[in-house]
Amino acid sequence: LEPGHENCATVNSTEVSPKRACANTIVEAVPAMHIDQYDTEDPVQTGDTTTYVIKMRNEGQKETTVIQLRFLLPEQGSYVSHTAAMGAEAGGGPVNGSFDAASRTVTFEAIPVMKPGDTCTYKITIKAEQQGDAIGQATLTFAEFNKPFSVQEPTKYFTE
C-alpha cells in the first residue's frame, strides 16, 4: 500500500464466513503559489516614476518548481529598472531578469525550487510618459500548474 491511512472493517456472521474490507486514504501535499502586486506612487505625474512591487510566495505544503514571472509594462510608461530577490527564508539571493523593448516585457529567470513559505519580491520601476489610465501586469507560471495566471495594478498617469 502507498503511505496514507488505512481503515478496515470486518463483518462476522453465524451464517457466512467473516468478510473484511479496507480503504486506504492518501493525503498528498500540494504547492500553492500566490502573488500580490501594488504600485508605490499613484497617481503619477508624467515625467515621474512609480515602482510596481510584486510579492510572490509558496503558501502550499509542497515544493514548487520552475517558477517564472513576467511583467508587461503599461503602454503609457517607459522602462527604468528592475530588481528581484528571494526572501530571507530562502537565502535572500538575487533573481536576474531582462527587459525586451519590443514586447515591453521584463522576464525574470525561472526559480528552480521554492519550498513552502519561500517568498520572492520583484520591483519594476516605470517612468510615466503620457497621461492616461495605465495597467501593469504580472504573469506567473510554475511547473505544477498548467496555466499562467496574472495580476494587474491600475495606475493613473496625469499631466498638470
Side-chain angles (χ1 to χ4, degrees), residues 2-5 25-160:
E2 294 190 33
H5 180 75
T25 302
I26 299 170
V27 179
E28 291 187 31
V30 295
M33 296 302 295
H34 179 82
I35 54 177
D36 289 316
Q37 179 175 313
Y38 64 90
D39 48 7
T40 57
E41 301 295 325
D42 189 3
V44 183
Q45 186 170 351
T46 54
D48 291 343
T49 63
T50 190
T51 299
Y52 292 89
V53 179
I54 299 105
K55 294 187 176 190
M56 174 180 68
R57 75 180 171 282
N58 180 357
E59 45 183 45
Q61 294 82 38
K62 184 177 180 181
E63 289 183 345
T64 305
T65 61
V66 194
I67 307 100
Q68 188 167 44
L69 188 108
R70 290 182 174 84
F71 182 83
L72 178 61
L73 272 66
E75 295 174 8
Q76 300 87 344
S78 62
Y79 171 80
V80 175
S81 66
H82 68 271
T83 62
M86 296 297 294
E89 73 289 330
V95 177
N96 295 322
S98 61
F99 173 65
D100 178 66
S103 65
R104 303 185 50 77
T105 302
V106 178
T107 301
F108 292 92
E109 289 182 355
I111 299 167
V113 175
M114 287 183 74
K115 295 178 182 174
D118 283 358
T119 63
C120 187
T121 301
Y122 303 86
K123 297 179 180 179
I124 300 95
T125 301
I126 309 298
K127 180 178 179 183
E129 297 290 352
Q130 58 184 330
Q131 181 173 313
D133 297 330
I135 298 284
Q137 179 173 305
T139 301
L140 180 68
T141 58
F142 60 102
E144 294 78 12
F145 196 75
N146 293 329
K147 297 181 180 185
F149 62 98
S150 300
V151 293
Q152 296 180 334
E153 179 63 30
T155 309
K156 180 66 102 176
Y157 294 172
F158 71 95
T159 304
E160 276 193 332

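All residue numbers refer to positions in the sequence shown, counting from 1.
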Y52 meets the side chain to side chain donor-acceptor pair (under 3.5 Å) criterion, sequence neighbours left out, with T155, Y157
Does G136 offer a backbone N or O that forms a donor-acceptor pair with the side chain of Q37 under 3.5 Å?
yes
Decide whether T49 and T125 meet the rule of one side-chain donor and one side-chain acceptor closer than 3.5 Å.
no
Is it the case that the side chains of Q137 and Q152 hold a donor-acceptor pair, with the cut-off being a distance below 3.5 Å and no angle test?
yes
At what distance, to the nearest 0.5 angstrom, does CD1 of I124 lie from CG of D39?
11.5 Å
Using a strict cut-off of less than 4.0 Å between a Lys/Arg side-chain nitrogen and an Asp/Glu carboxylate oxygen, indicate whether K156 and D133 qualify as a salt bridge.
yes
Closest non-hydrogen atom pair between E144 and T65, with its separation:
OE2-OG1, 2.6 Å
Spacing of T46 atom OG1 and K127 atom NZ [to the nearest 0.5 Å]
9.0 Å
Within this structure, what is the CD-CG distance for the pair E129 and L73, rounded to the nearest 0.5 Å?
10.5 Å
I need the M56 CE to D36 CG distance, nearest 0.5 Å.
11.5 Å
Check: T64 side chain, P31 main-chain N or O, donor-acceptor pair, under 3.5 Å
no
Do E89 and T119 meet the criterion of a side-chain donor-acceptor pair at a distance under 3.5 Å?
yes
Whether the side chain of N58 engages the backbone of M114 through a donor-acceptor N/O pair (distance < 3.5 Å, no angle test) should be reported.
yes
Between atom SG of C120 and atom CD1 of I54, what is the distance when rounded to the nearest 0.5 Å?
10.0 Å
What is the minimum heavy-atom distance between I67 and M33, and which atoms define it?
CG2-CE, 4.1 Å
Ignoring hydrogens and geometry, is there a side-chain-to-backbone donor-acceptor pair from H82 to G97 under 3.5 Å?
yes
Which heavy atom of Q68 sits nearest to which heavy atom of A110, and what is that distance?
NE2-N, 4.0 Å
From OH (Y38) to NZ (K55), nearest 0.5 Å
4.5 Å
Least distance between heavy atoms, F71 atom then P74 atom:
CE2-CD, 4.5 Å
Should we say atom CD of E75 is surrounded by more than 12 heavy atoms from elsewhere, each under 6.0 Å from it?
no
Give the C-alpha distance, both sets of side-chain angles, the deciding distance and a yes or no for side chain to side chain contact (heavy atoms under 4.5 Å, CB included) between F145 and L140.
CA-CA 10 Å; F145 196 75; L140 180 68; over 6 Å; no
Option passing side chain to side chain contact (heavy atoms under 4.5 Å, CB included) with L72 (candidates T105, T139, I135, V106)
T105
For Y122 and I111 the tightest heavy-atom approach is OH-CD1, 3.5 Å
For I126 and G77, work out which heavy atoms get closest and say how close.
CG2-CA, 3.7 Å
